[in-house]
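A short write-up of the structure that comes next.
Ligands are counted one by one from 1 in listed order, and the atoms in each one are counted from 1 as well. Everything quoted here is computed from the prediction, not taken from an experiment.
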Amino acid sequence: MGFFDRNREDVVKRGYDGNRLPSGQYLTERFPVLHVGDVPTYKPGEWNLKVFGAVNNEFTLTFDELKALPSTTLKTDIHCVTKWSKFDTVWRGVKVRDLFERAGVKPEAAFVMGHAEYGYTANLPLADIMRDESMVVYEYEGEDIEPIHGGPVRLLIPNLYFWKSPKWLRGLELRETDAPGFWEQNGYHMYGDPFLEQRFWGD
Ligand SMILES: Nc1nc2c(c(=O)[nH]1)N[C@H]1C(S)=C(S)[C@@H](COP(=O)(O)O)O[C@H]1N2
Ligand SMILES: [Mo]
């Protein structure tokens, strides 16, 4: 039996539904830190988030404005393309769909580019970011998100590999056409469904 089969068996032994672990993944209790470049630091009031592109009303939110919006808590599994998965992570934030309703998405918009500090980007179909569990999050396990994990605010798109969830999120750009983001330009899959093992171009 290979490493990943053993791992799935271990998941079942620990009382989880084995189907929650996508093939080629192993379960970790730790929370690995993964990013390119430096961790940004923000002075109070410095961080903001811009919703722009193919919308009727572009707007920019401060951290306080974001936190004043109706929020939801989500418990979800996350899957990194480097093969670790983590179950039952708990996040609090605002549904992206609510932000987009306020912006008034133009009918021709079909894709979103998530923009993070220092130019990291991730492209997403609009349909995925409109899902119930797609959120702009500012709390992890009941605390402010640590800077190393993307605090003050990151995107969370749990149905796709975790590279599609930019840390230090600064912009959501509505687009008519798709374009590769940072990792997608480097060979990662344009969509990235962990349950279909869409890791790289051609998967
Ligand atoms: N801004 C930014 N966001 C990013 C990344 C990055 O390099 N820069 N890496 C992505 C990848 S590949 C993963 S697996 C997750 C890791 O998040 P974590 O460090 O909180 O585990 O962040 C994603 N978001
Ligand atoms: Mo990743």
Ring centres under 6.0 angstrom apart (Trp84, Tyr26):
no
Can you tell me the protein heavy atom closest to atom 24 (N) of ligand 1 and the distance?
Ser165 O, 3.1 Å
Here the atoms of ligand 1 under 4.0 Å from any heavy atom belonging to Trp84 are 21 (O)
Indicate the atoms forming the closest heavy-atom contact of Ser134 with Asp128, along with that distance.
OG-O, 2.7 Å
Numbering the atoms of ligand 1 from 1, which are under 4.0 Å from a heavy atom of Pro32?
18 (P), 19 (O), 21 (O)
Mark yes or no for whether Lys106, through its side chain, and Leu174, through its backbone, hold a donor-acceptor pair below 3.5 Å.
no
Can you tell me if Arg8 uses its side chain to pair, donor with acceptor, with the backbone of Leu21 under 3.5 Å?
yes
closest protein heavy atom to atom 7 (O) of ligand 1 is Val36 N, 2.9 Å
Rounded to the nearest 0.5 Å, what separation is found between the OG1 atom of Thr28 and the CG atom of Asn7?
9.5 Å
Using the six-membered ring of Tyr161, assess whether NZ or CZ of Lys164 lies under 6.0 Å from its centre and within 45 degrees of the ring axis.
no
Examine Leu34 against ligand 1 and note whether any of their N/O atoms are separated by less than 3.5 Å.
yes
Do any heavy atoms of Glu117 fall under 4.0 Å from ligand 1?
no
When distances are taken from atom 3 (N) of ligand 1, the protein heavy atom at minimum range is Lys167 N, 2.8 Å
So which heavy atom in the protein is nearest atom 14 (S) of ligand 1, and how far is it from that ligand atom?
Cys80 SG, 3.2 Å
Identity and distance of the protein heavy atom lying nearest atom 12 (S) of ligand 1
Trp163 CB, 3.4 Å
Relative to the heavy atoms of Val33, which atoms of ligand 1 are at a distance of less than 4.0 Å?
19 (O)
For ligand 1, which atoms, with element, lie under 4.0 Å from some heavy atom of Pro166?
3 (N), 24 (N)
Looking at ligand 1, would Gly150 count as a contact under a 4.0 Å heavy-atom criterion?
no
Between His149 and Phe31, is the ring centre distance below 6.0 Å?
yes
Is there a polar contact, in the sense of an N or O pair closer than 3.5 Å, between Trp168 and ligand 1?
no
Among side-chain atoms of Ser85 and His79, is any donor-acceptor pair under 3.5 angstrom?
yes
Looking at non-hydrogen atoms alone, which of Tyr188, Phe162, Tyr161 comes nearest to atom 23 (C) of ligand 1?
Phe162
Quick one: does Arg97's side chain have a donor or acceptor within less than 3.5 Å of a partner on Met130's backbone?
yes
Candidate with minimal heavy-atom separation from atom 10 (C) of ligand 1, of Trp183, Phe31, Tyr140, Tyr120:
Tyr120
With side chain to side chain contact (heavy atoms under 4.5 Å, CB included) as the test, would you mind laying out the steps for Val12 and Asp17 before giving the verdict?
CA-CA 6 Å; Val12 174; Asp17 176 355; over 6 Å; no
Tell me whether Arg170 contacts the main-chain N or O of His115 through its side chain, where contact means a donor paired with an acceptor under 3.5 Å.
no
Arg154, Lys86, His35: member with heavy atom nearest to atom 22 (O) of ligand 1:
Arg154
Quick check on contacts: which atoms of ligand 1 are under 4.0 angstrom from a heavy atom of Ala116?
1 (N)
